[in-house]
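Written out below as structure tokens is the structure these notes cover.
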Amino acid sequence: MEDLFKRLVSHAKEYGFIYPSSEIYDGLNGVYDYGPLGAALKNNIKTYWWKAMVQMHENIVGLDSAIFMHPKIWKASGHVDAFNDPLVDNKDSKKRYRADVLIEGEIDKMLAKADKEVDKAAKRFGETFNAQFFRETNPRVLEYTQRAATTEKRLAEAMKAGDMADLGAMLAELEIADPDTGSRNWTDVRQFNLMFSTQMSNIAGDDGKLYLRPETAQGIFVNFLNVQKTTRQKLPFGIAQIGKAFRNEIVARQFIFRMREFEQMEMQFFIRPGTEMEWYTYWKEKRMAWHRAVTPAEKLRFKDHDNLAHYANAAVDIQFEFPFGFKELEGIHSRTDFDLSSHQELSGKKLQYFDPELSENYVPYVVETSVGCDRMFLSVMSNALIEEQVPGSDEEGNTREVLKLHPALAPVKCAILPLKANNDEIVAKAKAIYNKLRFHFECQYDDTASIGKLYRRQDAVGTPYCITVDFDTLENDTVTLRERDSMQQQRVSINELAALIGNNVDMAHLLAKIY
RNA sequence: GCGGGCAUAGCUCAGAUGGUAGAGCGUCAGCUUCCCAAGCUGAAAGUCGCGAGUUCGAAUCUCGUUGCCCGCUCCA
């Protein structure tokens, strides 16, 4: 398993699918570049998704919103508050905590001590006890409550100012220990924010602060009314978008599986409230069918979320069995009206739909499907890379590396190869065929090695078809057409090539499996 | 972020005890070859991740740093 992963990473680099970013400067942690073949494969994946979602649904339309958005959007979406954590590690237990949570816990302890004093006094004084008076006058209780109040105030100020040093100082002064082990050996408190920020204009200060979007979804939500009105869509309808998103993950790991810069393929489906489970089920099935059209069913599974995010009332992942285990590939969420309502509130603009059937206005509910494009790329690659005994050969050790990509996703559809590179007529004929076929799909011409080696090269990058031009071609205008996986050949007339290959590499077959 | 491991040619890796680098595959040029790698001749390619230090001398020893892998943690 691990071995496959290692092979995949080096294969991806060796054949120009994926390179480590900034490699000549020692790399950049968790960032990768797509090489020529990688870019082609990724584009094909995006096309497959776009066609399945937009082209195949008359009620789904596309969008390409900007990465920069008004900072209030991330306030409304909950990202500013939910992902702005002061983190601290305990050096002994190796456990990580939120510093504010630890301090709040300490405040609770102080208040609990005060309550205990009050309880003790109540028992002592019996029915004549005036609890409020006791709280206001008893020195011990006052000490506890005042300390709690001071701490709370200081915590609030430090959090507001983002003063990590003071949070650290508080941990020390209050002698707060690791709840698990009692150790007080803390690292510095560090602010962790999921979102990258940058500056718009050359004016410094908070006013120009912008975030790089941590999800593409919000670009869809804030354009909901624009799109609905300009496309005359009626509910239910969807908006699809492919684009980069950025998350400052604590650790970026596992090759392109978790990157800080990544690409999402998202669709938000707007529906009448109360119909969300129906659509949630619909999209669950549709999205799984999309995956199964290119990936064996046994490598895919659903995984329900145990903990729902702040915006969702149902959520499921489609997981793929990566070389390092079953991991999330796509998420399907019932997002309720959380986002639209939140934007409506913060922007003061109505984000409602008039339902002619019900004769009423409402904020639509949303079901989201969101695939990681890079994860899809990784799943497709790890599923395709195979080292096998050459079919039809029983010679020991005669193996080949072959990328069994679906023909519709393969970066190169067809290679045109002359059987003999030193025969001018054959070479000229092969080049003529190449020049003809390149109008129809991605082709490569190669005559720099023996025919067997040329086949292997194409196998390694997943080219589904190889055309070989031989002496018979010069006589009767036919060539051999070799299929990658079976390595079987058939004699085909040159005139038929474009249609025959084109038909097999077309996305129509894939789409037909889903719809 | 912590702990462990690793870093030598495009890829996979050799290079006890310090004496300034090799192989296989791949690539390129030519020969050969009428359908599936490993035939012949030749060639290019590495400041041994980077930076300090020890030493007459460091791929090799020490420290630091960066990147990758694994575990923990984290993961709208």
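Small disclaimer: the values here were computed from a predicted structure and weren't measured. Every chain is numbered from 1, with letters handed out A, B, ... down the list of sequences.
Listed pair A:Lys6 / B:C69 fails the phosphate criterion, with no side-chain N or O lying under 4.0 Å from OP1 or OP2.
For A:Arg491, the side-chain contact (heavy atoms from CB on, under 4.5 Å) test picks out A:Asp470, A:Asp472, A:Thr473, A:Asn476, A:Thr478, A:Thr480, with sequence neighbours left out. Not a single side-chain contact (heavy atoms from CB on, under 4.5 Å) links A:Ser10 to another residue, sequence neighbours left out. Partners of A:Val9 under the side-chain contact (heavy atoms from CB on, under 4.5 Å) rule, at least two apart in sequence or in another chain, are A:Phe5, A:Phe255.
Among the protein residues, A:Gln264 comes within range of the nucleic acid bases, having at least one heavy atom under 4.0 Å from a base atom. Contacts of A:Phe255 with the nucleic acid, taken as non-hydrogen atoms under 4.0 Å apart, involve only primed sugar atoms and P, OP1 or OP2. Across all strands, A:Gly30 comes closer than 4.0 Å only to sugar-phosphate atoms, never to a base (heavy-atom distances). Residue A:Asp470 is in base contact, counting any heavy-atom pair closer than 4.0 Å across all strands shown. In this structure, A:Ser10 reaches the sugar-phosphate backbone alone: every heavy-atom distance under 4.0 Å involves primed, P, OP1 or OP2 atoms, never a base. Residue contacts shown for A:Gln254 are limited to sugar-phosphate atoms, with no base heavy atom under 4.0 Å away.
Distance from the side chain of A:Arg253 is smallest for B:C2 among the nucleotides B:C68, B:C2, B:C11. Checking B:G10, B:C36, B:U66 against every side-chain atom of A:Glu14, the shortest atom distance belongs to B:G10. The nucleotide whose nearest atom lies closest to any side-chain atom of A:Tyr32 is, among B:C69, B:A37, B:C75, B:C69. Across B:C35, B:C68, B:C11, the shortest atom-to-atom separation from the side chain of A:Asn29 is found for B:C68.
Across the strands present, B:C72 finds its partner in B:G1; the criterion is a Watson-Crick or G-U wobble pair with both atom distances under 3.5 angstrom.
Annotated as syn: B:A16, whose glycosidic dihedral is within 90° of 0.
The salt bridge (charged side-chain N to carboxylate O under 4.0 Å, His left out) analysis of residues 375-386 of chain A, with sequence neighbours excluded, yields no pairs.
Near-neighbour residues of RNA chain B inside residues 451-466 of chain A, defined by a heavy atom below 4.0 Å, number-ordered: A:Ile451, A:Gly452, A:Lys453, A:Tyr455, A:Arg456, A:Arg457. For RNA chain B, the residues of residues 414-437 of chain A within the heavy-atom distance limit of 4.0 Å (strictly under) are A:Leu419, A:Lys420, A:Asn422, sorted by number.
With hydrogens and angles ignored, a donor-acceptor pair under 3.5 angstrom links the side chain of A:Arg482 to the base of B:C36.
Nucleotides B:U20 and B:A59 have their C1' atoms positioned 9 Å apart, rounded to a whole Å.
Surrounding CD of A:Glu425 are at most 12 heavy atoms belonging to other residues, nucleotides or ligands under 6.0 Å away.
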